[in-house]
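As structure tokens, the structure follows; a few thoughts come after it.
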Protein chains: 2
Amino acid sequence: MPTPYTSTKVESVQRTVDVAIVEDNKRYVNELSLLLSNSPNIKINGCYTSGSEAVEQIRKKKPDVVLIDIGLPDISGVEVIKQISNNGCSTEFLVLTVYDDDKHLFEALQAGAVGYIVKGTTSPEEIEAAIFDVIDGGAPMSRDIAKRVIETFRVNSSSQPKTKFDDLTKRELQILEYISHGYNTRKVAEELYISYETVRTHLKNIYQKLHVHTLVEAILLFKSR
Amino acid sequence: MPTPYTSTKVESVQRTVDVAIVEDNKRYVNELSLLLSNSPNIKINGCYTSGSEAVEQIRKKKPDVVLIDIGLPDISGVEVIKQISNNGCSTEFLVLTVYDDDKHLFEALQAGAVGYIVKGTTSPEEIEAAIFDVIDGGAPMSRDIAKRVIETFRVNSSSQPKTKFDDLTKRELQILEYISHGYNTRKVAEELYISYETVRTHLKNIYQKLHVHTLVEAILLFKSR
DNA sequence: ATTTGAATTCCACATTTGGGGTATTTTACG
DNA sequence: CGTAAAATACCCCAAATGTGGAATTCAAAT
């Protein structure tokens, strides 16, 4: 039971999908394009072995889905994605790569990739399913990729290394909250119905606890907490 | 060809998986637990209809996977996840909910859920597959959920609405950069080998362009640019 | 060749911050 | 009930910031 990626209802796609491949390994391109051509609903729209060529041609031919490698000879795949998806076209990018690390993963996602599949851990049939998934509005990912993506949302919950902010009192945190929304000391005082001098006292105590000397430093810490 | 979520190699799981269900709709619980019991490798470890009961029992019985609803009568499912996963235990949470909105999704992920499945769009078989996927280190998500998760990584790339920061000169941006690292005006001047007054002039111009009146406001804008 | 924008420097003045106190009232907890 | 922590408030002084104006240099564009 090979279960490919984040997909359901693959059979709902009826029209032909134009697929482009960007990949410098020609053997791999041949193999993949041959396999995908066999699928009745996929049409290979173009294969490119360099980034610049890809940018140019994809802009022109507007395929539905682009399978793209990150490690290209000239400009990186990430750059290709950025340049093309900036143009507001509807082409979707599915990254197909050997880079199984967070750096490349998140760069690609930020650039605008909708899916990220690690070569090797993935059969050609699964790639085919992933393409349909993209068309169908999905976001196909290799299994461990999905896990890592999910994990970036997890706040460092399980017993944090005890931040300096734990020492701050409710009131102190509250004041930082206001300050970090652009309120100055006087405004905070008004907002909390306490005296200006009291806010200043709290700020002094905050500085001591956070080991900083200015509002800006405190806010920067607070924001990155 | 029902293809369930972000999973591969489901058959690799051999041991029995202890599953708990937290869900206030009793009909749904019955249906689901019956169905899951049929699976040879799943053992229902407990069913709870309230958050507080769930926290208590799950802490004690430590199931492998918890299927959890978000909308519970007392404390929310998100809170349950937070409380339990803070204890550094190995129980994984798979959210099973009707809330198909970003707010609940990201709250759950931040709390520590590894998967998020929307009821209704998902068959019981797929839920079963998702459980194995979790055990196998995966992160099962409904298809459109995966898409939304991916999209949060996408920087607002396609032709931004022209930010105020476009008006800033190189030098001005450079100064903001330093300030946003905690440097005060004097330090910036030292660092850039220019006069203190010059930095102040630049700051004045920055304030005008950004329509702010304090360093903190400027930094906050800059940081969220 | 002239204009323009960017970067630079300086002055002056009012306000806000940063840092040092001290002191009273609330609140929380054993 | 007593005590400690938190929250409140005020004073002072030095330093930094916010705001106004003015002037010079330099490179790039018209």
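A quick note: this is a predicted structure, and the numbers were derived from the prediction, not measured.
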Measuring to OP1 and OP2 of C:dA7, would you say a side-chain N or O of B:His202 lies under 4.0 angstrom away? no
Which nucleotide wins on minimum distance to the side chain of A:Asn184, given the candidates D:dA7, C:dT17, D:dT17? C:dT17
Is A:Thr169 close enough to D:dA5 that one of its side-chain N or O atoms is under 4.0 Å from OP1 or OP2 there? no
Listed nucleotide nearest any side-chain atom of A:Tyr196, set C:dT17, C:dA7, D:dA9: C:dT17
OP1 or OP2 of C:dT16 sitting under 4.0 Å from any side-chain N/O of B:Thr214? no
Nearest whole Å is fine: how far is D:dG18 P from B:Leu210 CG? 13 Å
If you look at every strand shown and take non-hydrogen atoms under 4.0 Å, does A:Tyr193 touch a base, only sugar-phosphate, or nothing? nothing
I need the CG-C1' distance between A:Leu168 and D:dA5, as an integer number of Å. 14 Å
Ranking A:Arg186 and A:Lys204 by the position along DNA chain C of their nearest nucleotide, the one closer to 5' is A:Arg186
Under 4.0 Å between a side-chain N or O of B:Arg200 and OP1 or OP2 of D:dG18? no
Atom CG of A:Asp166 and atom P of D:dA6: how far apart are they, to the nearest Å? 13 Å
Categorize A:Leu215 for me: base, sugar-phosphate, or nothing, with a 4.0 angstrom heavy-atom threshold over every strand shown. sugar-phosphate
C:dC10 base to B:Thr201 side chain: any donor-acceptor pair below 3.5 Å? yes
Whole-Å distance between C:dG20 P and A:Glu197 CD? 16 Å
Starting at CG of A:Asn205 and ending at P of D:dA5, how long is that distance when rounded to a whole Å? 13 Å
Distance test, side-chain N/O of A:Thr185 to OP1/OP2 of C:dT17, below 4.0 Å: yes
Check whether any side-chain N or O of A:Tyr207 sits under 4.0 Å from OP1 or OP2 of C:dG18, and answer yes or no. yes
Nearest-angstrom distance from the residue atom CG of B:Leu176 to P of C:dA7: 12 Å
Under 4.0 angstrom, heavy atoms only, what part of the nucleic acid is B:Thr198 near: base, sugar-phosphate, or nothing? base
Using a strict 4.0 Å threshold on nitrogen-to-oxygen distance, state whether B:Lys119 and B:Asp69 make a salt bridge. yes
How close or far is atom C1' of C:dA6 from atom CD of B:Gln208, stated in whole angstroms? 15 Å
Starting the side chain at C-beta, find the nucleotide from D:dA9, C:dC10, D:dA16 nearest to A:Ser195. D:dA9
Rounding to a whole Å, what distance do you find between A:Arg171:CZ and C:dT27:C1'? 13 Å
The reported gap from CG in B:Leu96 to CD1 in B:Ile117 (rounded to nearest 0.5 angstrom) is 6.5 Å
What distance separates B:Glu79 CD from B:Glu107 CD, expressed to the nearest 0.5 Å? 9.5 Å
Output for pair (A:Lys147 NZ, A:Asp144 CG), nearest 0.5 Å, gives 9.5 Å
Quick one: are A:Val19 and A:Pro63 in side-chain contact, heavy atoms under 4.5 Å? no
Evaluate the ring planes of B:Tyr183 and B:Tyr178, with Trp represented by its six-membered ring, and classify them as parallel (under 30°), tilted (30 to 60°) or perpendicular (over 60°). perpendicular
